[in-house]
Amino acid sequence: MDSDDSKRLLELLSARRAELIAQWEQTVAASLHGRLSTVELGRELSELYDAITEALAAGGLAGRGPEYGVVRSLLVELSRNRARQGFTPTETAVSVFSLKEVLESLLGGSVEEIRAYLQFSHLLDDLGLFTVEEYARTREEIISAQSQQLLELSTPVVKLWDGVVGVPLVGTLDSARTQVVMEKLLQALLDSNSTHAIIDITGVPAVDTQVAQHLLKTVVAARMMGAECVISGIRPQIAQTIVGLGIEFGDIPTKATLADALRHALVEIDKAASTRAAGLL
Amino acid sequence: MRDYPADEASREEVPIQASGDVVKARQTVRLLAQQAGLSLVNQTKLVTAASELGRNTLIYGGGGTVEAVVVRDVARVGVWVRFADAGPGIPDMELALTDGWTSGSGMGLGLSGARRLVDEFELDSTPGVGTTVTVLKWAR
Ligand SMILES: Nc1ncnc2c1ncn2[C@@H]1O[C@H](COP(=O)(O)OP(=O)(O)OP(=O)(O)O)[C@@H](O)[C@H]1O
Ligand SMILES: [Mg+2]
């Protein structure tokens, strides 16, 4: 855009500021079906409008250029809010694109005006796409935060008996999950002053070398804290597969059911108690 | 390994580029194993083998693809799975197939264990070209 074009555009945007913002607000509000308060929307759009005008005055027409730093940070905020409030990417981008519509109605027929409008409309296209990118980034952040929460939720460590904690594992065990399980289990052993832990794998669909290695590491770490682990819930198909793979659990006790494992742990606790008692006598 | 007629409609291909893809490959293989009527024990064996081989493709092969299809012989049905990568290859295949041997920090049981879990197993590898492992498990 040569300087005449951008001057004309600037004049138009400044001279009819109030009117244009009001129209813009109306168009956007209609597209959002009243799911956003008009006060909030009004504030958002007038800030954006002024930032765009300033960037134009500084001579910029490249949405990713330095003049648009303020505009972009406003758009980041706008996109993040829309993503969190559950609006779609289209509803988010429309907030920017609809400014074109508003300007279109003011357009006279002169070649200069049309040229200026076209360039401005390229700029708005770029800014609109920017909101979509930011929107996607926010959604991704939300999803990864949620899966982290799910990870923690899905590994409850429960106190089963005095001195015995249990953790039922359900689903696929990857490195991240095993890490969480291990930390939680060790913390629970400490907090509840337990000497025995039962890791139940009834809900684990397959045990491969990676899962086995993670289990073994957890058991070794528990031992270093003076606690013994029992692995329970080994179903027939899992037992056969583990044997096929050639994995050995060494001296780690394994049981078919959680009940068997609990019985085993209680017997061990009894034995330890009577040994201690014998020592005292 | 012999060529068996495949049920083309069942053919699936999964790219292996991240650890989530290994999970996906495992699920794909489980579905085909169920479709082919494998028993629960055989399903679990095949899925576990797929898990091992898929992870090797990712870790050592630097990623690749898994292809799986239901195949038929005269009177039996099975699942055929091939793992292919264009990684560094395996210089000594006999060593790699030795129980407990690992070049990394694993248990060294993936490759040899997977061979025991399936009915047919074929390892092809050329250093500098890549590695292909093909396995087959029959329903019975
Ligand atoms: N696709 C591959 N490309 C290159 N090298 C491979 C490939 N698959 C296996 N290997 C080599 O063979 C070795 C043995 O593989 P194997 O799966 O038995 O053990 P691992 O992966 O080291 O441990 P794990 O018991 O956890 O599977 C590996 O350490 C690796 O050096
Ligand atoms: Mg392996």
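The analysis underlying the following values was restricted to heavy atoms, covering all of them including side chains, and did not include hydrogens, waters or symmetry mates. A note on names: the letters A, B, ... follow the listed sequences, proteins ahead of strands, and every chain is numbered from 1.
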Problem set entry | Interatomic spacing from CG in L53(B) to CG in D208(A) - rounded to 0.5 Å | 10.5 Å
For this session: Count the heavy atoms belonging to other residues, nucleotides or ligands that lie under 6.0 Å from CD of E248(A), then report whether that count exceeds 12.
Result: no
For this session: Please check if the side chain of E52(B) supplies one atom and the backbone of T209(A) the other of a donor-acceptor pair under 3.5 Å.
Result: yes
Exercise. So how far is it from I242(A) CD1 to T48(B) OG1, rounded to the nearest 0.5 Å?
Worked result: 9.0 Å
For this session: For chain A, find which of R30(B), Q43(B), R55(B) contributes the most heavy-atom pairs closer than 4.5 angstrom.
Result: R55(B)
Problem set entry | Close side-chain approach of Q237(A) to N42(B), heavy-atom, < 4.5 Å | no
Problem set entry | Heavy-atom contact with chain A under 4.5 Å, split by part of R115(B) | neither
Exercise. For atom CD of E8(B), is the number of surrounding heavy atoms from other residues, nucleotides or ligands below 6.0 Å larger than 12?
Worked result: yes
Problem set entry | D73(B) atom CG: more than 12 heavy-atom contacts under 6.0 Å | yes
Seminar exercise, completed: d(T241(A) OG1, R116(B) CZ) to nearest 0.5 Å is 12.5 Å
Problem set entry | CD-OG distance between Q213(A) and S105(B), expressed to the nearest 0.5 angstrom | 6.0 Å
Problem set entry | Segment of A114(B) engaging chain A (4.5 angstrom heavy-atom cut-off) | backbone
For this session: Go through the atoms of I247(A) and report whether side chain, backbone, both or neither lie under 4.5 Å from a heavy atom of chain B.
Result: both
For this session: Please check if atom CG in D3(B) has more than 12 non-hydrogen atoms from other residues, nucleotides or ligands closer than 6.0 Å.
Result: no
For this session: Give a yes or no on whether the backbone of S51(B) and the side-chain of Q210(A) come within a donor-acceptor separation of less than 3.5 Å.
Result: no
For this session: Hey, could you give me the CD/OG1 distance between Q240(A) and T44(B), rounded to the nearest 0.5 Å?
Result: 9.0 Å
For this session: Pick one of side chain, backbone, both or neither for L117(B), based on which atoms fall under 4.5 Å of a heavy atom in chain A.
Result: side chain
